[in-house]
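Every chain is numbered from 1 and lettered A, B, ... according to where its sequence line falls, protein lines coming before strand lines.
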Protein chains: 2
Amino acid sequence: MTKIKAALLGFGTVGQGVYEAIKSHQEKLQERLVAEVEIVAVLIKEPYKKREIDPSVLITTNFEDILNIPDLDVVFEAIVGETPSFTYLSKAIEKGCHVITANKVMFAKYGKLLLEKGRKKNVYVGYEATTAGGVPIIRTISQQLQVNDIQRVQAVLNGTSNFILTEMREKGLSFQKALESAQLHGYAEADPANDIEGKDAFFKLMILSDLVFGAQPDWDAVEVEGIQHITVEDIQAAKTQHLRYKHIADIYRYGRTLKASVKPVLVAPDHALYSIEGVENAVTIYASLVDKITISGPGAGKFPTASAMIEDFVSGYQIPRYQFTLNI
Amino acid sequence: MTKIKAALLGFGTVGQGVYEAIKSHQEKLQERLVAEVEIVAVLIKEPYKKREIDPSVLITTNFEDILNIPDLDVVFEAIVGETPSFTYLSKAIEKGCHVITANKVMFAKYGKLLLEKGRKKNVYVGYEATTAGGVPIIRTISQQLQVNDIQRVQAVLNGTSNFILTEMREKGLSFQKALESAQLHGYAEADPANDIEGKDAFFKLMILSDLVFGAQPDWDAVEVEGIQHITVEDIQAAKTQHLRYKHIADIYRYGRTLKASVKPVLVAPDHALYSIEGVENAVTIYASLVDKITISGPGAGKFPTASAMIEDFVSGYQIPRYQFTLNI
């Protein structure tokens, strides 16, 4: 059977998820791809940490070692921050590898460029895992809604913020206590600023904007507001009126420009995102024929994110001409 | 530009939706398919009814006229009942046409057979529109969850029943009054038996069963119960406990068999289908890696169903080797 040689950049939670899921789902992968998928190398940062990796796998701190692997087919990238991710992926594409990324900060900035590079080298650039965790929103939009004219996207894209808001409403916790609860559950980083100030959701919205509208609004023109100023009193007052605060990323066409915002919004029970609770993510798509579709699921996590990356790769490998850049 | 010649079987609500949507979305279609899509013929039942169809289109009551069209590429089927739909589609496939159907009763029985015929003739058999209206559930499962092991599917698949239950809860209406309201809104047929007794949802569940598990349970072994025996008192009593009745189609692996039911279930607010209201449909998929994904949207209607048929065709035309029969 053909062997698909894969390298993994990063061995944090998501990297480990990809590694383990490729092993545990090997049978399904072989069925779909008529090929065996093997992780042949893992790029790590700290060489002396103990890791559960087969001895046959090359473990290296040097990306050049990855590039030197002959006939490498695909690179799964699960590292944090825009550099060196962009450089690594550019080099991998240049070498002729498919690349699958979970890096939203990098992709919001350099996605168009990477997709362009991928097209030139005829390789697949998959970025399903950058946005909404395990929810297959990128491919739902690019594959399942090709004819519909998408007019607007509204989404809950940051699980940490949504968890905090849910805790504050359900348990009457203060923002601070709810944040601590999120950290205790492992949902929030030690430095939660990107999540609670709306930046994380902003990057994901920009990725969706490129996909849906073929462009991003001026970043400075996007209203970005986090949840850190919402008090438990605000939330309880809303509750008595059967309203909920949801941190919503929203983008739509407005004349010849795009109007985008990422901010807390009061929503009523008939709003599609009203019932999205805890760490879930959800995306509502308003489109010309279908009217409105909402898709929800885990916004983060080891296996849901690994799911997004692996499913993305399988789609892209089967149909390499799909570059998921339909409007770009 | 290449011309894709399409025939439309049936010109009821859905047929008209397909006809109009292909016209109004011609630009997008051309962009995606690098071809023009033209409805060249419409099969109707009553020859003397007034219809808004271009004079250049062949209007006929005789299916043989459709079969005699040279180089016909695709047949969109939107007629009711299992016969003659199955015969028509079999003949269309035999002729080498792609077929796109919205006919759930027929497809629940003959889907496997039609897909087999399609594979032999190397044409696409699309059935997205048979299940959950505009919600692209068939392709979400077959394309976006290829590696995940799907363990269970739970769904609200009958918009009429869900609308009635919603009306009874929100407005305190009796079953009879709520049914009248559904008929008034055009959501329920004059003879609503198939909807309210659970048969409609049953057929859709059997289609999902084939797709997800590669088989259907014995029809006789499936517990099918409608909503007609639920009283407004039942619903109001549940409401005081923050519970809701949802008419849920459910299927999962149970040892070496499949366990399926279609019946009213009391669900709590943390259930994924609790917040599905009115005529919406929703499907929750429980799977090995992603955990749980829910997708919801309009369960019926002129343009949502047309959306499902047209998007389905575009997917199938682009990737004819996808037969959406991954487990069959």
**OP:** Would you confirm whether B/Gln146, through its side chain, and A/Arg32, through its main-chain N or O, come within 3.5 Å as a donor-acceptor pair?
**Re:** no
Original post:
Does A/Asp270 offer a backbone N or O that forms a donor-acceptor pair with the side chain of B/Glu277 under 3.5 Å?
Top reply: no
Original post:
Just wondering, do B/Ile293 and A/Pro136 contact through their side chains at under 4.5 Å, heavy atoms?
Top reply: yes
Original post:
Do the non-hydrogen side-chain atoms of A/Ser307 and B/Asn148 ever get within less than 4.5 Å of each other?
Top reply: yes
Subject >> Distance in Å, B/Leu289 CG paired with A/Glu311 CD, rounded so as to fall on 0.5 Å steps >> reply: 7.5 Å
Original post:
If you measure from CZ on A/Arg139 to CZ on B/Arg139, what distance do you get to the nearest 0.5 Å?
Top reply: 13.0 Å
Contact summary for [X] and [Y], nearest pair of heavy atoms:
X: A/Ser315; Y: B/Gln144; value: OG-OE1, 4.0 Å
X: B/Ser288; Y: A/His25; value: OG-NE2, 2.7 Å
X: A/Val290; Y: B/Gly134; value: CG2-O, 3.3 Å

Subject >> Between A/Asp291, A/Val147, A/Val135, the one whose heavy-atom pairs under 4.5 Å with chain B are most numerous >> reply: A/Val147
**OP:** Against chain A, work out which of B/Ala272, B/Ala282, B/Pro269, B/Ser296 has the most heavy-atom pairs shorter than 4.5 Å and name it.
**Re:** B/Ser296
Subject >> Region of B/Leu145 in contact with chain A, defined by heavy-atom distances below 4.5 Å >> reply: both
